[in-house]
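Every number for a ligand or one of its atoms is a count from 1 in the order of the listing.
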Amino acid sequence: MVQLQQPEWVYMRGGLVRWEDAALHISTEAITRGLNVYEGLKGYWSEDVSRFGIVAMPRHFARLRRSARLLHIPVSESYETFENACRELVQSLSEPSRDLWIRATLYVVAGHWGEGTEADLVLTAYHQSKERPAGTKIGVSTWRRSSDDSLPARIKTSTNYQVARLARIEGRGRAYTEMILLNQWGRVAEATGCCVLLVRDGQVITPPPSEGRLESITVQIIASLCATLGIPFVERPVERTELYVADEMALAGTLAEIVPIRQIDDYVLPAESPILTRVADRFWAAVRGSDPHPAADLSVVIDTR
Ligand code: PMP
């Protein structure tokens, strides 16, 4: 085995720096898209800006633990530590006019090739507009989602997003804001940072995780909201051409929320999306706490009432 030492000098930024000073910032892509597992959580203000709640915190922590388990990364933090860390960061950064997206990352900070692995929990949070996402146009990428026996979509690790990066660069030239990745069978997996919902004949459809998508918490929430609203919801394989003949389409994810799709590749979708608009209205009321729903459980981390 190669033994890695800690030599005195490193060459970086055009010159020699001491080993202990050879640091990259936690926000650089080299770090954020390196070896780690992470979660993106969304926190919303209530309409009257008296309470700030984070959606589905226990489920995000559980998924973080599953991702870590699959990559043999130890998790030493308890759920309480995780919740307190989120609370502390939100309380120090929150602004009444904007919501927050929190990235909770377990970075591998020690070990080599899976031996002696140690991880550290790092939280960063970014302000987000309170506006509901506007309709957008997207494309289907020529890059494919990797399969369960290469880099499983179930693992929310940043290294899984290299293909996503290629797909986004591919779509940018055509002004697409998101790209859909097909799986190894040529069927729809997911978009680069969210899941795909379509409506055909009154039914909301999304591919299951076995088609190569992340086990999305937003999709779980939407399935429950559909049940409450009496809208049929089904998980089944989706072919590419179904996207082009869909009655309605949207992207769904924690950060994306529910984004109406107006055009995919050269196909313009119908202007009205009555079913997904109903779902989005209900989603919005649940996450803002004006009409709570058990599927969109809120951990309130600021309460000024
Ligand atoms: N797929 C990918 C590749 C994602 O990055 C995300 C965002 N976490 C999703 C789907 C949606 O998952 P969730 O609803 O849990 O945010």
Side-chain angles (χ1 to χ4, degrees), residues 29 32-33 36-44 54-68 70 86 99-106 124-126 128 133 138 140-141 143-148 150-168 171 177-183 187-198 204 206-226 233 235 238 249-259 261 276 279-280 283-284 286-287 293 295-299:
E29 270 205 305
T32 53
R33 308 218 194 282
N36 63 58
V37 290
Y38 80 102
E39 282 297 312
L41 300 96
K42 188 80 198 276
Y44 292 91
I54 300 175
V55 180
M57 275 188 78
R59 271 180 285 167
H60 279 286
F61 189 67
R63 190 171 63 185
L64 186 72
R65 292 184 66 98
R66 289 201 299 275
S67 297
L70 285 166
C86 289
D99 298 318
L100 279 172
W101 180 71
I102 302 150
R103 186 185 158 115
T105 313
L106 269 178
T124 45
Y126 303 91
Q128 299 293 314
I138 62 173
V140 176
S141 177
W143 298 98
R144 295 267 173 121
R145 193 77 173 88
S146 58
S147 57
D148 196 57
S150 52
L151 226 182
R154 182 166 284 109
I155 310 178
K156 196 165 166 61
T157 174
S158 293
T159 41
N160 227 336
Y161 288 76
Q162 303 303 339
V163 172
R165 184 172 175 275
L166 288 172
R168 288 211 182 188
T177 53
E178 250 290 5
M179 295 294 277
I180 288 180
L181 297 169
L182 304 179
N183 60 25
R187 296 190 295 264
V188 175
E190 60 182 347
T192 66
C194 41
C195 288
V196 180
L197 304 172
L198 60 152
V204 178
T206 196
S210 55
E211 290 291 299
R213 72 148 164 95
L214 185 70
E215 293 180 336
S216 159
I217 293 165
T218 314
V219 167
Q220 275 182 357
I221 294 172
I222 288 170
S224 296
L225 297 179
C226 283
F233 179 94
E235 290 193 1
V238 172
M249 199 190 308
L251 298 177
T254 300
L255 180 60
E257 297 166 325
I258 302 178
V259 187
I261 302 306
L276 291 176
V279 175
F283 176 84
W284 206 250
V287 296
H293 192 283
D297 49 303
L298 295 172
S299 297

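For ligand 1 and Ile217, the ligand atoms under 4.0 Å from any heavy atom of the residue are 13 (P), 14 (O), 15 (O). Less than 4.0 angstrom separates some heavy atom of Cys195 from each of these atoms of ligand 1: 10 (C). Less than 4.0 angstrom separates some heavy atom of Leu214 from each of these atoms of ligand 1: 1 (N), 4 (C), 6 (C), 8 (N), 9 (C), 10 (C), 12 (O).
The shortest side-chain heavy-atom distance between Asp297 and Pro58 falls under the 4.5 Å cut-off. Looking at heavy atoms from C-beta onward, Tyr161 lies in side-chain contact with Lys156 at the 4.5 angstrom threshold.
Contacts between Ser216 and ligand 1 below 4.0 angstrom, taking non-hydrogen atoms only, involve backbone and side chain alike. Under 4.0 Å from ligand 1, the heavy atoms of Thr192 that appear belong solely to its backbone.
Ligand 1 lies nowhere less than 4.0 angstrom from a heavy atom belonging to Ile221. Every heavy atom of Glu39 sits 4.0 Å or more from the atoms of ligand 1.
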Item to check | Derivation of the salt bridge (Lys or Arg N to Asp or Glu O under 4.0 Å) call for Glu215 and Arg63 | outcome: CA-CA 8 Å; Glu215 293 180 336; Arg63 190 171 63 185; over 6 Å; no
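At the shortest separation from atom 2 (C) of ligand 1 among protein heavy atoms lies Glu190 OE1, 3.5 Å. In this structure, the protein non-hydrogen atom closest to atom 8 (N) of ligand 1 is Lys156 NZ, 3.0 Å. Closest protein heavy atom to atom 16 (O) of ligand 1: Thr254 OG1, 2.5 Å. Looking only at heavy atoms of the protein, atom 14 (O) of ligand 1 is closest to Thr218 OG1, 2.5 Å. Scanning the protein heavy atoms around atom 5 (O) of ligand 1, the nearest turns out to be Tyr161 OH, 2.5 Å. In this structure, the protein non-hydrogen atom closest to atom 6 (C) of ligand 1 is Gly193 O, 3.2 Å.
Considering backbone and side-chain atoms alike, Tyr38 places every N or O at 3.5 Å or more from each N or O of ligand 1.
Between Arg213 and the options Arg145, Arg154, Glu235, a side chain to side chain contact (heavy atoms under 4.5 Å, CB included) holds for only Glu235. Considering Thr192, Thr177, Val196, Val259 in turn, Thr177 is the only one that fulfils the side chain to side chain contact (heavy atoms under 4.5 Å, CB included) rule with Ile138.
With Asn183 contributing its side chain and Ser147 its backbone, the two residues share no donor-acceptor pair below 3.5 Å. Judged by distance alone, the side chain of Thr157 and the main-chain N or O of Asn36 form a donor-acceptor pair under 3.5 Å.
For Arg103 and Tyr126, the positive end is not near the middle of the six-membered ring at less than 6.0 Å and at most 45° from its axis.
Taken to the nearest 0.5 Å, the OG1 atom of Thr124 stands 6.5 Å off from the CH2 atom of Trp101.
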